[in-house]
**Student:** 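My questions will all concern the structure given below.
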Amino acid sequence: MNNAGNLSVLVWANRARKSPDNLVPLYVRLTYLGKRAEISTNLRVELNNWSASYGLMMDGSASSKKINTEIGVIKKEIERTFDRLINADATVSAELIKIKYLGKDKQVDARRKLLAVFEEHNLKMYELIGKGVVKATHTKYETIKVKVAEFLRHQYKVPDMYLDALQYSFITDFEHYLKVHDNISHNVTMSYIKRVKRIINIACQNKWIAHNPFAAFVCTTHKVSRTELESEELQILESKIFTTERLKEIADCYLFSCYTGYAFVDACKLTPQHVVRKTDGELWIITERTKSKIEANVPLMQKAIAIIEKYKEHPLCTTRNRLLPMRSNQKMNEYLHEIAELCGINKKLTTHTARHTFATTVTLENGIPIESVSKMLGHTKITTTQIYSRVKDRKVSNDMKILRSGLDSKSSQAAPTSQGDMAKAAINVTDVRNKAYEETVAFIAPILRELDDFKGLKVSISWVSYRAYLKYRQENLIEWDRQLDSVSPFALIINYLGPSEKLGYAAQTLDSSFYFLERNLKAKLMLNPTDDGLHRWVLI
C-alpha cells in the first residue's frame with residue numbers, strides 16, 4: 001500500500017473472476033476521505049504467484065518482474081495526479097482522482113487496447129445481470145476474453161494489443177488457433193468470433209478505431225445432424241426399470257422435457273403454480289422462456305402429467321417449490337450418458353436432445369402442424385423451429401401410403417376388373433356420404449349440444465365418424481379389412497369419401513385442434529380411452 005497524504009492506493013486481485021487457466025485481473029482501489037474508486041489495470045496475473053499483502057508478484061520470473069514494474073508506474077502516476085489536484089486547490093475526491101488519472105492516460109495515449117475494451121464491456125454486462133442480461137451471456141463473453149488473451153500470448157507474445165494494430169490476419173489466425181490448438185468445432189469457433197466482432201463494432205461506434213479490420217470476415221455455420229430419440233427408443237426409455245432412484249429421477253425429468261419441449265433451464269424453474277387448467281378443460285404449463293422471455297405455453301400430455309404427479313411429494317420439489325427434482329445440467333448429462341448405455345441407445349443423450357425429440361418425434365411426426373410446434377417451443381420464427389424439427393422417413397412413408405391408397409382407390413373406381421371391384425364401383429359415393437352424415441348427426445348431435453365446450457358457438461355440425469363409416473365398410477367394403485393394419489381407418493374414410501371435400505387438409509390442420517372434443521365424447525359415452533370407435537373427428 002502506498003500513501004500520498006491520506007490517499008490510499010491498493011492493488012488487488014479479483015479472485016471472483018478467475019479464468020480456467022488460473023489468471024485473475026488486477027484492480028487499483030483508491031481510498032480518499034473515506035470514499036472509494038476502482039480502476040482496472042488491464043493486467044492479469046497467476047493467482048498462485050500473487051501476494052495480496054504486498055500487492056506484487058513474488059515468483060521472480062521475468063514476466064512477473066515486468067508486471068511489478070507496470071504496477072509501480074500506475075501507482076506513481078496516480079500519486080502525481082493526486083498531487084496536481086491538491087496543488088491546484090481542487091475539491092479532491094477518489095472519483096475525481098480516477099477521472100483525472102484516466103483523462104491523463106488518454107491525453108498521453110488515446111489508443112485503446114482490445115482486452116481493455118473487452119473488460120469494460122464485460123463489466124457493464126455483469127452489472128446488467130437480472131436486468132435484461134442472463135448470467136450465461138456474461139459467462140460466454142468472459143470465456144471468449146480468456147481465449148483472446150491466450151491467443152495474444154501464443155501468437156504475438158504480448159498481454160494485450162492496441163485496436164489500431166489489429167489486422168484482418170488477426171481474425172483468421174484466431175480462427176486457426178481455436179480449431180487447431182483448442183480443438184474447437186467450426187460452429188463454436190464462429191460463435192466466438194462473432195463476439196470478438198461485436199467488441200470491435202463497439203470500438204468503431206465509439207470512434208476508438210477508424211475502421212473495422214474484421215468487416216470482411218463472414219461467419220459461416222455448418223449444418224449439423226441433430227440428435228433426437230425415435231419413438232421406439234422413447235418406449236424403451238419409458239419401460240426401462242432402473243435399480244437406483246437417482247437414474248429413475250433423471251430419466252423421468254428427461255422424459256418430461258421430451259413431452260413438453262422445455263429446455264433444461266426452463267424445466268428447472270417450473271413450479272406447481274405454472275400448471276393451470278385452461279378453458280378447454282386441459283392442464284397447461286403457462287410460462288415464458290428464460291432465454292428470450294417469449295411465451296412458451298404447452299398443453300400437458302397424460303405422460304407428462306403422470307410424471308408431475310409422481311414427484312409431487314418429492315423432498316426436492318416441496319422444499320424448493322419445484323415441479324421436478326432436476327439436478328444440475330452437468331450432472332443430468334453425465335447420468336443421461338449412463339442411462340443411454342443401460343437402455344442400449346447408441347446416441348449421445350443430453351438435456352437438449354429432449355427438446356429435439358419433442359419437436360420431431362413427439363409432435364411433427366404425429367401430424368402436429370409446425371406452426372403449433374413453433375408456438376409451444378417459444379420460437380418467434382418458423383425457421384428456428386425447422387432447426388429443431390425434421391420430417392422423418394417414417395412420416396414420409398405414412399404420407400405416401402395414404403397417397404398410394406387414394407390413387408389405387410381412384411384407379412379401381414375408374415376401371416373395375418373383378419366382381420368385388422364392380423360391386424365397389426357400383427356404390428354411389430354421394431349416397432354413402434349422405435347416409436353416413438345422417439346417421440352420425442343423429443348419433444352425436446345430442447351429445448355435442450350438451451358439451452360445455454360448444455355452448456354459444458355457432459357451428460354447423462357436419463361430421464364423419466368412424467363408427468358410421470364402419471357400418472358401411474362392413475356391408476360393402478369387406479375386402480378393405482386387410483388394409484387396416486397398414487393404413488389408419490381415418491385415412492380410409494378420407495380416401496373412400498373422396499378428396500373433393502379437402503378432407504386430407506382438414507386432417508392435418510384440425511386433427512390436433514379437436515382432440516379435446518374426442519376426449520369429451522369418450523368420457524360422455526363411457527368409452528375406453530384407447531377405443532378406436534371414436535378415433536378421429538374432422539370438421540368439413
Side-chain angles (χ1 to χ4, degrees), residues 1-32 36-87 92 94-123 142 145-166 170 208:
M1 181 182 294
N2 292 335
N3 293 304
N6 58 353
L7 171 67
S8 169
V9 182
L10 171 69
V11 181
W12 64 285
N14 189 345
R15 296 170 180 265
R17 296 191 177 184
K18 183 174 69 172
S19 65
D21 55 358
N22 208 36
L23 293 178
V24 293
L26 294 182
Y27 290 85
V28 176
R29 179 178 295 154
L30 309 179
T31 306
Y32 185 71
R36 290 180 175 180
E38 291 193 349
I39 302 171
S40 172
T41 66
N42 299 323
L43 298 173
R44 299 181 73 84
V45 299
E46 287 278 355
L47 184 58
N48 296 336
N49 299 328
W50 174 255
S51 171
S53 57
Y54 290 99
L56 294 169
M57 298 294 287
M58 301 301 291
D59 63 323
S61 66
S63 60
S64 292
K65 288 179 180 178
K66 184 179 178 181
I67 290 173
N68 288 342
T69 300
E70 291 189 44
I71 291 173
V73 171
I74 291 171
K75 286 183 176 181
K76 286 294 183 184
E77 191 55 47
I78 290 173
E79 290 169 3
R80 291 193 190 101
T81 302
F82 173 71
D83 289 339
R84 281 192 290 271
L85 289 171
I86 293 294
N87 293 334
V92 182
E95 189 63 30
L96 180 61
I97 298 170
K98 173 183 175 179
I99 291 171
K100 289 296 182 182
Y101 168 75
L102 294 175
K104 172 67 172 61
D105 181 62
K106 290 176 183 177
Q107 290 170 14
V108 174
D109 190 351
R111 298 188 300 168
R112 302 291 291 266
K113 290 187 174 182
L114 178 58
L115 290 181
V117 176
F118 248 116
E119 182 71 23
E120 184 178 330
H121 169 271
N122 292 4
L123 182 60
E142 282 291 292
K145 184 184 73 175
V146 171
K147 292 292 183 185
V148 171
E150 292 171 348
F151 171 68
L152 286 171
R153 290 194 296 272
H154 177 271
Q155 188 78 8
Y156 301 99
K157 314 302 183 196
V158 295
D160 205 347
M161 180 178 283
Y162 285 109
L163 292 175
D164 56 14
L166 295 173
F170 177 95
W208 298 332

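Computation of the quantities below employed the complete heavy-atom set of this structure, encompassing side-chain atoms and omitting hydrogens, waters and symmetry-equivalent molecules. Position 1 is the first residue of the sequence; numbering continues from there.
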**Student:** Hey, does the side chain of Asn49 reach the backbone of Met57 with a donor-acceptor pair shorter than 3.5 angstrom?
**Tutor:** no

**Student:** Check the pair Leu30 / Glu38 against side chain to side chain contact (heavy atoms under 4.5 Å, CB included), numbers first and verdict last.
**Tutor:** CA-CA 6 Å; Leu30 309 179; Glu38 291 193 349; over 6 Å; no

**Student:** How long is the span from the CG atom in Asp164 to the CG atom in Leu114, to the nearest 0.5 Å?
**Tutor:** 11.5 Å

**Student:** Residues in side-chain contact (heavy atoms from CB on, under 4.5 Å) with Ala52, at least two apart?
**Tutor:** Trp50

**Student:** In this structure, is the centre-to-centre distance between the rings of Tyr101 and Phe82 below 6.0 Å?
**Tutor:** no

**Student:** State the NZ-CZ distance between Lys147 and Phe118, to the nearest 0.5 angstrom.
**Tutor:** 13.0 Å

**Student:** With a 4.5 Å heavy-atom cut-off, do Val158 and Arg153 have their side chains touching?
**Tutor:** no

**Student:** Is any side-chain heavy atom of Met161 less than 4.5 Å from a side-chain heavy atom of Leu166?
**Tutor:** yes

**Student:** Hey, what do you get for CG (Asn48) to CE (Met58), rounding to the nearest 0.5 Å?
**Tutor:** 14.0 Å

**Student:** Taking all heavy atoms of Pro159 and all of Leu152, pick out the closest pair and write down the distance.
**Tutor:** O-CD1, 4.1 Å

**Student:** I'd like to know if Glu119 and Lys145 make a salt bridge, using a cut-off of under 4.0 Å between side-chain N and carboxylate O.
**Tutor:** yes

**Student:** With salt bridge (charged side-chain N to carboxylate O under 4.0 Å, His left out) as the test, pick out the partner of Glu77 among Lys100, Arg84, Lys98.
**Tutor:** Arg84

**Student:** For residues Arg17 and Val24, determine if any side-chain heavy atom of one lies less than 4.5 Å from a side-chain heavy atom of the other.
**Tutor:** no

**Student:** Evaluate Ile71 against Thr41 for side chain to side chain contact (heavy atoms under 4.5 Å, CB included), listing each step before the verdict.
**Tutor:** CA-CA 8 Å; Ile71 291 173; Thr41 66; over 6 Å; no

**Student:** Are the side chains of Leu85 and Leu96 in touch, meaning some heavy atoms are under 4.5 Å apart?
**Tutor:** yes

**Student:** For Tyr32 and Val92: C-alpha separation, side-chain torsions, deciding distance, then whether side chain to side chain contact (heavy atoms under 4.5 Å, CB included) applies.
**Tutor:** CA-CA 8 Å; Tyr32 185 71; Val92 182; 3.7 Å; yes

**Student:** What is the minimum heavy-atom distance between Asp160 and Lys113, and which atoms define it?
**Tutor:** OD2-CB, 3.3 Å

**Student:** Give a yes or no answer on whether the side chain of Ser19 reaches the backbone of Leu23 with a donor-acceptor pair at less than 3.5 Å.
**Tutor:** yes

**Student:** Any donor-acceptor pair under 3.5 Å linking the side chain of Ser64 with the backbone of Gly60?
**Tutor:** no

**Student:** Check whether any side-chain heavy atom of Arg112 lies under 4.5 Å from a side-chain heavy atom of Glu120, and answer yes or no.
**Tutor:** yes

**Student:** Show the nearest heavy-atom pair for residues Leu43 and Glu70, with the distance to one decimal.
**Tutor:** CD2-OE1, 3.2 Å

**Student:** Could you pull out the closest heavy-atom pair between Arg36 and Ala94, with the gap in Å?
**Tutor:** C-CB, 4.0 Å

**Student:** Locate the shortest heavy-atom distance separating Thr81 from Ile97; write the atom from each residue and the value.
**Tutor:** CG2-O, 3.9 Å

**Student:** List for me each residue that meets ring-ring contact (aromatic ring centres under 6.0 Å, His included) alongside Phe151, sequence neighbours excluded, and say none if there are none.
**Tutor:** Tyr156, Phe170, Phe174, Tyr177

**Student:** For the residue pair Leu7 and Thr31, establish whether any side-chain heavy-atom pair is separated by less than 4.5 Å.
**Tutor:** no

**Student:** Is any side-chain heavy atom of Ser51 closer than 4.5 Å to one of Leu56?
**Tutor:** no

**Student:** Atom CG of Leu26 and atom CD1 of Ile67: how far apart are they, to the nearest 0.5 Å?
**Tutor:** 7.0 Å

**Student:** What distance do Arg15 atom CZ and Trp12 atom CH2 have between them, rounded to the nearest 0.5 Å?
**Tutor:** 11.0 Å

**Student:** Which value, rounded to the nearest 0.5 Å, describes the distance between Leu115 atom CG and His121 atom NE2?
**Tutor:** 14.0 Å

**Student:** Identify the two heavy atoms, one from Ile74 and one from Val28, that lie closest to each other, and give their separation to 0.1 Å.
**Tutor:** CG2-CG2, 3.9 Å

